[in-house]
Amino acid sequence: MLTKAIALFKKDFHSELRTRYAINSLAMFIIVAISVIMFAIGQERISEGLTGGLFWVVIFFTAMSGLSRAFVSEEERGTSLTLQLVAAPSTVFTGKLIFNIILVFCMNTIIALLYAALFESFVINNFGLFLLSFVFGNIGLAISSTIIAAIIAKAGAKGTLYPVLSFPILLPLILSSVQLTLFAIDGTSIETAKFELAIVVSYDVIMLTVSYLLFDFIWKD
Amino acid sequence: MVWKIFLFILLAFVSIAGIAFPIVENPQAWYQFPNIPGLEQNARIIFFHVPTAWLTVLAFFMSTVFSFKYLKRKDLDDDLKAYASAQLGMTFCILATVTGAVWAKFAWGSFWSWDPRQTSIFALLLIYGALFALRSSIEGEEKRATLSAVYSIIAFVTVPFFIFVMPRIMKGLHPGSAEDSSAGPVVNFQMNSSMLLIFFLSLIAFTILYFWIWRISYKSLIIKENINKQLIRG
Amino acid sequence: MNNYSVEAIGLNKTFGRRLIFNGINFRMDKNGIFGISGPNGSGKSTLVKIIAGLLSPSKGKIIHKNSNDEIIPEKLHNHIGFASPYLVLYEEFTAWENLDIFSEIRGINFNKDKAKDLLNRFLLYKRRNDLVKTYSSGMKQRMKFIFALMHNPELLIFDEPTSNLDEEGKKSVYNIITDVSKQIIVIIASNEKTDLDLCNEILDLKQFKDF
């Protein structure tokens with residue numbers, strides 16, 4: 001099943017290279033969001049706690065601007081029927097999930113690098129912890145936004161509804177990730193942050209399970 | 001009819017008792033409440049605020065149960081039941097948020113302070129809001145039923161996280177939360193038997209009230225749908 | 001020899017609370033062309049979508065069997081070829097790439113000879129390296145037949161097969177339909193008289209309108 005999903009991912013990847021829809025809007029969004037924050041801060045030096053929070057604000061809204069693309073593009077063009085004819089629902093979901101995971105990793109790495117370069121107070125003292133929370137946080141973000149994107153695409157309402165539906169679902173993940181980022185900035189040991197890490201990992205596992213169980217219902221009209 | 005009168009008497013009794021029974025230092029008579037340090041007269045809200053919060057959760061739970069049923073049996077009536085329950089849940093959620101905030105103004109000095117319970121009820125409010133936004137954006141009945149059922153199940157799965165995550169991230173002020181040393185876990189220790197009795201009577205009365213309104217509201221939704229159907233076919 | 005069979009038991013479909021059809025029963029186990037007719041809005045497309053597993057019926061069941069083994073819904077898509085005007089291919093890719101992509105997503109090897117042969121038969125070989133978005137609607141329609149036939153399906157479903165086609169296109173489609181119907185089951189949903197003339201048996205949806 002994985003080879004089929006990867007074939008679907010490759011299709012999306014090539015399609016993205018030709019249309020550049022998601023990449024362009026994501027890149028622009030990152031630049032806009034970060035510069036708005038920079039303007040708002042001005043000359044002031046903000047605390048570590050605030051940068052950790054703002055880091056996830058940018059990540060959340062960037063994700064909301066680009067990740068719905070995976071399903072909305074199929075639905076808009078009417079190709080989701082074609083996909084139903086060539087692949088099982090689980091294959092479709094896996095393919096789209098791989099695409100979104102890679103997109104989230106690229107975009108968040110760029111955001112993290114920009115933050116490290118532009119904000120003096122964004123200094124990671126426990127890099128191992130940051131990496132762990134970054135990886136699991138990104139996976140969770142990709143899973144939830146993929147399943148919500150599937151709902152949005154079928155609902156026929158693009159744009160505004162996506163963050164509205166995603167926010168309550170992502171809230172536990174975002175709150176724990178903000179906390180973990182603060183820990184990483186403070187240099188707290190992984191031992192102390194075990195509880196939050198466990199929450200993020202179990203969030204990933206539970207959301208993944210629920211998504212696979214429910215995707216069939218969304219995908220079939 | 002009998003149980004409607006019973007419910008009326010029960011609710012009337014709970015309201016009068018909750019508001020009028022005196023709070024004294026050393027309760028002797030059955031109608032006297034103990035004085036809980038730090039809460040005093042503010043403690044009375046427990047008879048009204050806690051049941052609304054409980055119904056918010058119960059209504060969400062029932063809504064999820066019927067969403068699940070809909071996905072299994074594809075009976076549109078199940079969807080209407082889930083919808084009716086969500087509507088009620090939203091109402092009680094607003095009531096719980098507002099009564100809680102008003103109480104917090106007097107007990108903690110501000111309407112809102114991102115206490116874990118406040119954050120949790122806020123998250124529930126967001127979930128309900130998102131559910132209605134989703135419902136109103138979909139035209140087809142079946143699609144609307146399926147997608148909102150799926151969404152409410154996904155949202156339901158995240159609820160346990162709030163219970164575990166919130167207390168770790170924010171400090172609790174709410175009576176009954178772990179960090180609350182001044183007022184202590186109210187329900188377990190400082191309520192006397194008469195207070196507990198009124199509290200549980202109130203919970204029961206509100207729960208019956210919920211089921212009663214829920215039945216009326218989903219029945220009316222079903223009747224409305226049937227009339228629509230007759231109009232389309234006739 | 002093809003041992004494929006499709007059986008419908010008490011199919012009923014309602015959209016919301018509006019009835020589309022009720023009590024459809026049939027069984028197809030012989031190779032040949034099977035027609036579905038009915039006026040606009042009678043549920044022809046809905047029925048073929050249900051047969052193809054794209055929609056689920058409100059009541060009743062559709063059973064696909066291959067040599068007496070029931071095919072599970074997750075695998076059904078590899079046994080079915082489907083073409084219709086509302087099917088859309090990936091327009092940012094060329095015809096050749098489309099066929100390649102679909103084979104890969106299906107998990108089968110891309111059969112280049114078969115692709116060449118089909119493109120030739122539907123008069124599209126010369127345009128195989130052009131993006132699908134540059135095609136005319138008739139060319140897109142012919143491309144969909146190739147999409148439906150590429151993976152050697154055991155059941156072919158055509159919804160309005162000749163819409164958007166000119167006389168020449170129609171002729172080549174009819175030729176191919178009669179050709180393949182010797183080996184497999186073909187279902188055609190249409191109102192065109194010439195389409196229905198090909199059919200060995202016709203199911204009229206008008207008779208399934210009441211409860």
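Chain identifiers are assigned alphabetically (A, B, ...) following the order of the sequence lines, protein sequences preceding nucleic acid strands; residue numbering begins at 1 within each chain. Note that the structure is predicted; figures quoted are calculated from it, not measured.
For a heavy-atom cut-off of 4.5 Å, chain A lies close to B/Leu126, B/Ile127, B/Ala130, B/Ala133, B/Leu134 in residues 126-134 of chain B.
B/Val150 places none of its side-chain heavy atoms less than 4.5 Å from the side chain of A/Phe215. Counting heavy atoms from C-beta on, the side chains of A/Thr209 and B/Val157 never come closer than 4.5 Å. Side-chain atoms of A/Pro168 and B/Tyr151, non-hydrogen and from C-beta on, do get closer than 4.5 Å to each other. For the pair A/Ile218/B/Thr146, no side-chain contact is recorded, criterion being any heavy-atom separation below 4.5 Å from C-beta on. Side-chain atoms of A/Met207 and B/Thr158, non-hydrogen and from C-beta on, do get closer than 4.5 Å to each other.
Within 6.0 Å of the CH2 atom in B/Trp212, the count of heavy atoms belonging to other residues, nucleotides or ligands does not exceed 12. Counting non-hydrogen atoms of other residues, nucleotides and ligands closer than 6.0 Å to CZ of B/Phe68 gives a total of 12 or fewer. With a 6.0 Å radius and a threshold of 12 heavy atoms from other residues, nucleotides or ligands, B/Arg215 has its CZ atom at or below the threshold. Sparse packing is recorded around CZ of A/Phe136, with 12 or fewer heavy atoms of other residues, nucleotides or ligands lying under 6.0 Å away.
Contact of A/Tyr203 with chain B is made through backbone and side chain together, with heavy-atom distances under 4.5 Å. Using a 4.5 Å cut-off between heavy atoms, A/Ser211 does not touch chain B at all. In this structure, no portion of A/Leu182 lies under 4.5 Å from any heavy atom of chain B.
Atom CG of A/Leu214 and atom CD1 of B/Ile154 lie 5.5 Å apart (nearest 0.5 Å).
Closest approach of B/Phe161 and A/Ile199 over heavy atoms only: CE2-O, 3.7 Å.
If you tally non-hydrogen atom pairs under 4.5 Å between each of A/Val210, A/Leu171, A/Leu173, A/Leu165 and chain B, the highest count goes to A/Leu165.
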